[in-house]
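Counting starts at 1 for both ligands and their atoms, following the listed order.
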Amino acid sequence: MKEQILSYISQDNPWRDRLQWFDTITSTNDVLKQMAQQGAPHGTVLVADRQTGGRGRRGRTFLSPAGVGIYMSVLLRPNCRPEKLMHLTCAVAEAMCNAVENAAGFRPGIKWTNDLVYSRRKLSGILTELGFDSSGNVAYAIIGIGINCCQQHQDFAHEIRDIAGSLAMVSGHEISRPRVAAAMVDAIENMSRNLLSGQAELLNQYRADCITIGQEISVVRGDSVKRGKALDVDEQGALIVRYHSGETEAVNSGEVSIRGMYGYV
Ligand code: BTN
């Protein structure tokens with residue numbers, strides 16, 4: 001599998017020889033975090049066929065069965081203050097749209113901040129984790145991505161069957177997982193070169209792909225649920241929301257649900 005992935009990665013991608021393949025791993029994010037703490041270089045990429053302890057956001061489990069998805073983590077060492085990386089999750093989602101477009105022939109939308117979706121179904125999840133040095137600079141960023149490639153409707157567990165989709169379901173043709181993995185590595189490497197300089201352009205493209213803008217949404221924080229309309233995404237990647245109360249807020253945290261998606265009515 002590793003050789004197949006390498007055969008699709010651009011010859012001039014400097015990360016080619018920093019890619020490691022695992023048939024089974026606990027979690028690519030967890031293993032890469034250990035490697036980062038032991039000095040692994042910028043551009044180290046772990047890819048797995050299966051995870052036994054895949055993690056999602058908010059402490060959730062990320063089911064990661066063999067043979068159908070790509071589970072990947074990428075190590076970045078951006079060497080900057082954390083305030084400079086507020087838009088990182090948006091940048092990763094954009095890179096992933098580019099990768100899917102290249103490898104599967106269609107461009108997904110983005111549910112703020114970084115779920116890739118198509119026809120109201122989630123195709124991919126992203127978990128970004130930062131580590132800091134003693135002066136508070138970013139020592140590493142780990143970008144973890146799980147993407148559904150080859151599943152058909154009945155392959156998903158019951159609890160996610162109505163909200164999950166795959167590249168094969170959307171495109172209607174067979175998907176080459178090595179090609180998807182290679183497109184991801186190329187797109188993230190490209191994104192990482194423009195991360196600190198091309199923020200305005202990147203966020204314009206992000207707004208064009210973000211399906212949350214213009215939708216009726218709810219923002220959930222603990223027991224509080226506030227309803228309103230998503231108006232825009234600001235220069236830091238925050239979602240600008242006007243609540244039904246009339247108050248406007250730039251939302252950075254909390255769970256945002258879109259009316260009509262993932263079971264929210
Ligand atoms: C989410 O949708 O909540 C984010 C899911 C992120 C899953 C990926 S799979 C590769 C990497 N390793 C993990 O344990 N999680 C991320």
Side-chain angles (χ1 to χ4, degrees), residues 1 5 15 19-37 40 44-76 88-97 99-100 108-118 120-131 140-151 156-157 159-167 177-178 180-185 187-188 210-212 220 237 252-258 261-264:
M1 185 70 154
I5 297 173
W15 297 357
L19 182 137
Q20 297 181 34
W21 168 262
F22 296 81
D23 290 330
T24 298
I25 197 167
T26 48
S27 153
T28 52
N29 264 37
D30 289 350
V31 172
L32 191 55
K33 193 182 294 179
Q34 282 171 6
M35 292 169 66
Q37 285 158 357
T44 301
V45 179
L46 307 187
V47 197
D49 184 36
R50 166 176 177 253
Q51 296 184 119
T52 54
R55 292 188 293 108
R57 277 170 286 151
R58 300 175 190 284
R60 291 179 190 135
T61 297
F62 188 81
L63 292 175
S64 313
V68 285
I70 289 289
Y71 315 106
M72 177 183 290
S73 296
V74 178
L75 173 61
L76 302 184
L88 176 63
T89 50
C90 294
V92 176
E94 264 307 301
M96 285 299 296
C97 283
V100 169
I110 302 167
K111 176 185 172 288
W112 185 88
T113 35
N114 59 13
D115 281 353
L116 294 200
V117 294
Y118 197 92
R120 301 184 173 273
R121 288 176 181 275
K122 174 166 167 167
L123 307 177
S124 162
I126 299 170
L127 175 67
T128 305
E129 300 180 288
L130 301 182
Y140 60 82
I142 290 173
I143 298 166
I145 305 158
I147 182 158
N148 303 327
C149 295
C150 308
Q151 291 94 332
F156 289 109
E159 55 276 25
I160 57 169
R161 199 167 279 175
D162 291 334
I163 57 172
S166 71
L167 304 186
R177 287 190 303 145
V180 172
M184 289 164 67
V185 178
I188 297 167
C210 180
I211 58 134
T212 309
V220 181
N252 273 309
S253 63
E255 191 82 282
V256 170
S257 303
I258 301 178
M261 268 188 91
Y262 301 179
Y264 163 43

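- Remark: side-chain polar atoms of Ser124 are paired, donor with acceptor, to backbone N or O of Gly146 under 3.5 angstrom.
- The protein non-hydrogen atom at the shortest distance from atom 5 (C) of ligand 1 is Phe62 CD1, 3.4 Å.
- Heavy-atom proximity to Gly56, at under 4.0 Å, picks out these atoms of ligand 1: 1 (C), 3 (O), 4 (C), 5 (C).
- No donor-acceptor pair closer than 3.5 Å links the side chain of Arg57 to the backbone N or O of Leu127.
- Annotation for ligand 1: atoms under 4.0 Å from non-hydrogen atoms of Gly54 are 14 (O).
- Contact atoms of ligand 1 toward Met72: 10 (C) (distance under 4.0 Å to a heavy atom of the residue).
- With a 4.0 Å cut-off on non-hydrogen atoms, Ile145 touches ligand 1 through its backbone and not its side chain.
- Ligand 1 lies nowhere less than 4.0 angstrom from a heavy atom belonging to Arg58.
- Protein heavy atom at the shortest distance from atom 10 (C) of ligand 1 is Thr28 OG1, 3.2 Å.
- By the 4.0 Å heavy-atom criterion, Gln51 is counted among the residues contacting ligand 1.
- At least one N or O atom of Ser27, backbone or side chain, sits closer than 3.5 Å to an N or O atom of ligand 1.
- Between the Asn148 side chain and the Gly69 main chain, no donor and acceptor come within less than 3.5 Å of each other.
- A donor-acceptor pair under 3.5 Å links the side-chain atoms of Ser73 to the main chain of Asn29, judged by distance alone.
- Counting heavy atoms under 4.0 Å from ligand 1, residue Ser73 touches it through the side chain alone.
- Arg55 O, 2.7 Å is the protein heavy atom nearest to atom 15 (N) of ligand 1.
- For atom 2 (O) of ligand 1, the closest heavy atom belonging to the protein is Lys122 NZ, 2.6 Å.
- Arg57 N, 2.8 Å is the protein heavy atom nearest to atom 3 (O) of ligand 1.
- Which parts of ligand 1 touch Ile126 is read off a 4.0 Å heavy-atom cut-off, strictly below it: atoms 4 (C).
- Shortest non-hydrogen contact noted between Ile147 and Met96 is CD1-CE, 3.9 Å.
- In this structure a side-chain-to-backbone donor-acceptor pair under 3.5 Å is missing from Arg121 to Ser166.
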For Asn114 and Trp112, what are the C-alpha separation, side-chain angles and deciding distance, and is it a side chain to side chain donor-acceptor pair (under 3.5 Å)? CA-CA 5 Å; Asn114 59 13; Trp112 185 88; over 6 Å; no
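- Among Lys33, Gln37, Glu129, the one residue that satisfies the side-chain hydrogen bond (donor to acceptor under 3.5 Å, both in side chains) test with Tyr140 is Gln37.
- When atom types are taken as modelled, the side chain of Thr212 and the backbone of Cys210 share no donor-acceptor pair closer than 3.5 angstrom.
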